Amino acid sequence: MVHVLEHAQSLAGAFELIDEDVRRCSQAFISELRLGLREKTPSMCQIPTFVTQIAGGHEKGISLGVDLGGTNLRVCSVELHGDTTSTVLQSQLPVPPDIMVCDQAARLFSFIANRIEDFLGTYHQSRLDAVANDPGTPPLSLGFTFSFPAYQTALDSGILLRWTKGFDIAGAVNQDVCKLLQMEIDILKLPVKVAALVNDAVGTVMSRAYSLPPSHVRPMVGAIFGTGTNGVYLQALSEVTKPIEGQPEHPDRSMFMSTEWGSFDNKLAVLPVTPYDLELNAFSVNPGDQMFEKRVSGMFLGELLRLAVLDLCSDDQVRLFRNFDTQDLAVAKRWSVDSSIVSVAEADNSTGLSVLSQKISDTLGIPEDYATAEDAQAVKLIAHAIGTRAARLAGMAVGSVILQGRLRENQGANSDTGPGKGGTKVDVAVDGSVVEHYPGFEVHMRNALKALDGIGDEGESKIIIGHTKDGSSVGAAIIALLATRDI
Ligand code: BGC
């Protein structure tokens, strides 16, 4: 008979990512980042965002935002007061599953346009009346936060490369998503102009920049660790040798690049691989794609935990959950377990792990009488291993873009510049359910940052990680306003 905890401990060991692994991943990560600056690559595609200025906090104006990035659609209006504060009005509702996965793009975009119409009717009827009375009234600018890989060819256009996070609408792939949305808005004759396409990671960096006092260093990295994951960073254009439409020679300028790091190392040359990663990938809607995301983001951590726990259950010798027959329970059903159990497990330090035991019953379907405190401890060990690996990979990614973004300075006159070598502070804006709810995510990220050559302990201490909300509303609003006038 094998002791449950011993077995869980050894299973958890498969998720360990030692400092040497972090460094190896980072080297490969930086090579892929650089490749993406030279060529249009299929994986980490380094999408130009056309955002070249960072907010200062003084921006003023009103604009609309639409946020499509996961299972919810959010429509909002944002008024920037010009003093780092803003007022946001918003409505949110789920995207119906039969629209998330269907053939026709028009179904999704007319759904969005109709929600914009409802929103304007509720909150901005006076604007609609003004337009009705004077057709010369300028349209409202809309920032479209579209958190999927769309290759931008201008601030207000982007071609959808592929869907992620469970969406699958074949008719939208290879189409300009801004045009598709504008078309449906025009059919409804709404006074709205899609002025900017905004990835949530760039919205996050802008939103944080707007909220900071002028004396604070401006953020140069934005990262999302939520349902999906992605990072943007400020890149000197002189190093971008692939063509960027409409950007002739601007060697002195920088632009935020959206790395789409979710698809780092799709070939699995350096990423850690357990049998559970392989199984999760094989049964996902996009096998072979988004391999980094499948180890880091909220869409997948619960499924990884489920697969690992199920593996323990299938071993009669282990007697997890007293060998209760799990066949018809949630634990045996693919994609039935969301990632919140991973955070709950990490957070529960109560005697007997009562909160986690309740969650095991609610989420995995194991009757409470069958989940002993030791079983809960075993689940906690596995959750800890999965969460720590995710956070260390997240730290690796953030550190790698910092190193890439600082490259030019490091090569400049003062080779001591840069994080960890007497350089200035670096600010990183982060958002997303995983970084927000998984206890200690930042601590593990920071440990990975310390492990990186070129950052180390001293460099890590100069990295500010700022949790930022409202990237997809406030951030997108600023970008939309920047697009239409000088603010
Ligand atoms: C998408 C990115 C997005 C990230 C976070 C990923 O699945 O490919 O575009 O920024 O999720 O929402």
Side-chain angles (χ1 to χ4, degrees), residues 32-33 36 41-51 65-74 95 100-101 143-152 158-169 172-173 177-178 196-208 221-233 256-266 280-281 284-301 303 338-339 390 393-394 397-398 401 428-437 441 467-473 475-476 479:
E32 270 199 40
L33 283 174
T41 51
S43 51
M44 266 223 275
C45 38
Q46 292 274 50
I47 299 173
T49 64
F50 292 82
V51 175
V66 160
D67 175 18
L68 182 76
T71 43
N72 284 316
L73 173 76
R74 218 152 58 105
V95 180
M100 280 175 72
V101 178
F144 183 17
T145 306
F146 183 75
S147 303
F148 300 94
Y151 204 90
Q152 285 189 244
I159 308 294
L160 177 62
L161 299 175
R162 57 181 179 273
W163 288 106
T164 58
K165 295 179 282 197
F167 275 69
D168 192 2
I169 307 169
V173 177
V177 291
C178 288
L197 183 65
V198 180
N199 182 276
D200 50 356
V202 79
T204 295
V205 96
M206 272 296 198
S207 168
R208 175 156 170 86
V221 175
I224 305 287
F225 302 107
T227 309
T229 182
N230 189 18
V232 299
Y233 72 102
F256 280 97
M257 299 296 279
S258 174
T259 62
E260 285 295 337
W261 68 33
S263 55
F264 163 58
D265 194 29
N266 279 343
L280 177 146
N281 176 51
S284 64
V285 289
N286 51 357
D289 242 348
Q290 302 291 103
M291 297 310 244
F292 180 76
E293 182 161 274
K294 285 174 179 160
R295 284 152 178 77
V296 171
S297 83
M299 173 119 192
F300 302 100
L301 300 185
E303 177 66 359
D338 77 45
S339 295
L393 285 171
V398 166
V401 294
V428 179
V430 296
D431 191 13
S433 51
V434 176
V435 65
E436 190 180 340
H437 300 303
F441 197 83
H467 293 247
T468 311
K469 297 301 284 165
D470 297 333
S472 40
S473 49
I479 296 171

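We count ligands from 1, going down the list as the structure has it; atoms in each ligand are counted the same way. Worth saying up front: this structure is predicted, and the values here are computed from it rather than measured.
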Do the side chains of Lys165 and Glu293 get close enough for a salt bridge, i.e. N-O under 4.0 angstrom? no
Interatomic distance, Phe256 atom CZ to Met206 atom CE [nearest 0.5 angstrom]: 6.5 Å
d(Asn286 CG, Met291 CE) to nearest 0.5 Å is 9.0 Å
Side-chain donor or acceptor of Ser297 paired with backbone N/O of Thr227 under 3.5 Å: yes
Spacing of Phe144 atom CZ and Asn199 atom CG [to the nearest 0.5 Å]: 11.5 Å
Where the side chain of Ser207 meets the backbone of Thr204, is there a donor-acceptor pair that is under 3.5 Å apart? no
Protein residues that have a heavy atom under 4.0 Å from any atom of ligand 1, sorted by chain and number: Ser147, Phe148, Pro149, Thr164, Lys165, Asn199, Asp200, Ile224, Gly228, Thr229, Asn230, Glu260, Gln290, Glu293
